[in-house]
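Worksheet for the structure shown next.
None of these values were measured; they are calculated from a predicted model.
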Amino acid sequence: MMAALKKEASRLADAPPAERKAAATKWISTARSAFNQGDVDDAEQIAQLASQIQAPFKATEDSPEKVLAEIQEARKQDAAWRNDKSSPQ
């Protein structure tokens, strides 16, 4: 799947903004789905590809950057939990 998305991202580099946004929006949904299923690495890769095509998003819209920020925060929380010796593991 990632190879196909990378190829599509390359194709979209010169696409009109509306086409880039449509693809990025779909990829954001896919990334969130992967993240919610625990596939954090896949979610991150998909969100990074969505970010690379530089689709225009308003501040109020979901965006690749928001997904990546949530992934980063989840990783920080997971690391803190794993390093907390008082938490049962």
Side-chain angles (χ1 to χ4, degrees):
M1 177 172 102
M2 291 308 299
L5 288 178
K6 287 178 183 179
K7 184 176 180 181
E8 182 69 2
S10 293
R11 185 191 71 77
L12 287 166
D14 296 323
E19 186 177 350
R20 291 194 319 265
K21 185 170 182 177
T25 299
K26 180 179 175 184
W27 294 354
I28 290 167
S29 177
T30 302
R32 286 205 176 276
S33 178
F35 181 67
N36 291 336
Q37 293 174 13
D39 296 329
V40 180
D41 292 337
D42 284 350
E44 184 174 41
Q45 288 179 356
I46 295 166
Q48 286 173 342
L49 286 173
S51 180
Q52 287 175 9
I53 61 174
Q54 299 180 352
F57 286 95
K58 296 177 185 173
T60 57
E61 295 178 303
D62 202 4
S63 68
E65 289 71 24
K66 288 179 181 178
V67 175
L68 290 167
E70 288 178 29
I71 290 169
Q72 183 178 19
E73 182 61 28
R75 284 194 165 139
K76 282 183 189 177
Q77 290 177 2
D78 184 58
W81 180 80
R82 289 178 190 274
N83 290 328
D84 183 358
K85 301 303 180 201
S86 66
S87 295
Q89 294 184 15

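Partners of Ser29 under the side-chain hydrogen bond (donor to acceptor under 3.5 Å, both in side chains) rule, at least two apart in sequence or in another chain, do not exist in this structure. For Thr30, there are no side-chain hydrogen bond (donor to acceptor under 3.5 Å, both in side chains) partners, not counting sequence neighbours.
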Start with the C-alpha distance between Asp62 and Phe57, add both sets of side-chain angles, then the distance that settles side-chain contact (heavy atoms from CB on, under 4.5 Å), and finish with yes or no.
CA-CA 8 Å; Asp62 202 4; Phe57 286 95; over 6 Å; no
Before you tell me yes or no, could you show the steps for Gln77 and Arg82 under side-chain contact (heavy atoms from CB on, under 4.5 Å), namely the whole-Å CA-CA distance, both residues' side-chain angles and the distance that decides it to 0.1 Å?
CA-CA 9 Å; Gln77 290 177 2; Arg82 289 178 190 274; over 6 Å; no
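For Lys76 (side chain) and Ile71 (main-chain N/O), no donor-acceptor pair under 3.5 Å exists by modelled atom type. Asp78 places no side-chain N or O within donor-acceptor distance of the main-chain N or O of Ala74, the cut-off being under 3.5 Å. Side-chain N or O atoms of Lys6 include none that pairs as donor or acceptor with a backbone N or O of Leu49 at under 3.5 Å.
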Please list, one pair per line, the donor and acceptor atoms closer than 3.5 Å that link side chains of residues 39-48 to other protein atoms, with sequence neighbours excluded.
{"from": "Asp41", "atom 1": "OD1", "to": "Arg75", "atom 2": "NH2", "distance (Å)": "2.4"}
{"from": "Glu44", "atom 1": "OE1", "to": "Arg75", "atom 2": "NH1", "distance (Å)": "2.6"}
{"from": "Glu44", "atom 1": "OE2", "to": "Arg75", "atom 2": "NH1", "distance (Å)": "3.2"}

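The pair Glu19-Arg11 meets the salt-bridge criterion, with a side-chain N (NZ, NE, NH1 or NH2) lying under 4.0 Å from an Asp/Glu carboxylate O.
The two residues Glu8 and Trp27 have their closest heavy-atom pair at CG-CZ2, 3.6 Å. When all heavy atoms are compared, the tightest approach of Leu68 to Ser51 is CD1-CB, 4.5 Å. Minimum interatomic distance between Arg20 and Ala15 (heavy atoms only, all atoms of both residues): NH1-O, 2.7 Å.
Within the model, atoms CD of Gln72 and CD of Glu65 stand 12.5 Å from one another, a figure rounded to the nearest 0.5 Å.
For Gln54, the CD atom is loosely surrounded, since the number of other residues' heavy atoms within 6.0 Å does not exceed 12.
Ile28 and Met1 fall into different hydrophobic clusters, where Ile, Leu, Val, Met, Phe, Trp and Tyr residues are linked whenever their side-chain heavy atoms come under 4.5 Å apart, directly or through other members.
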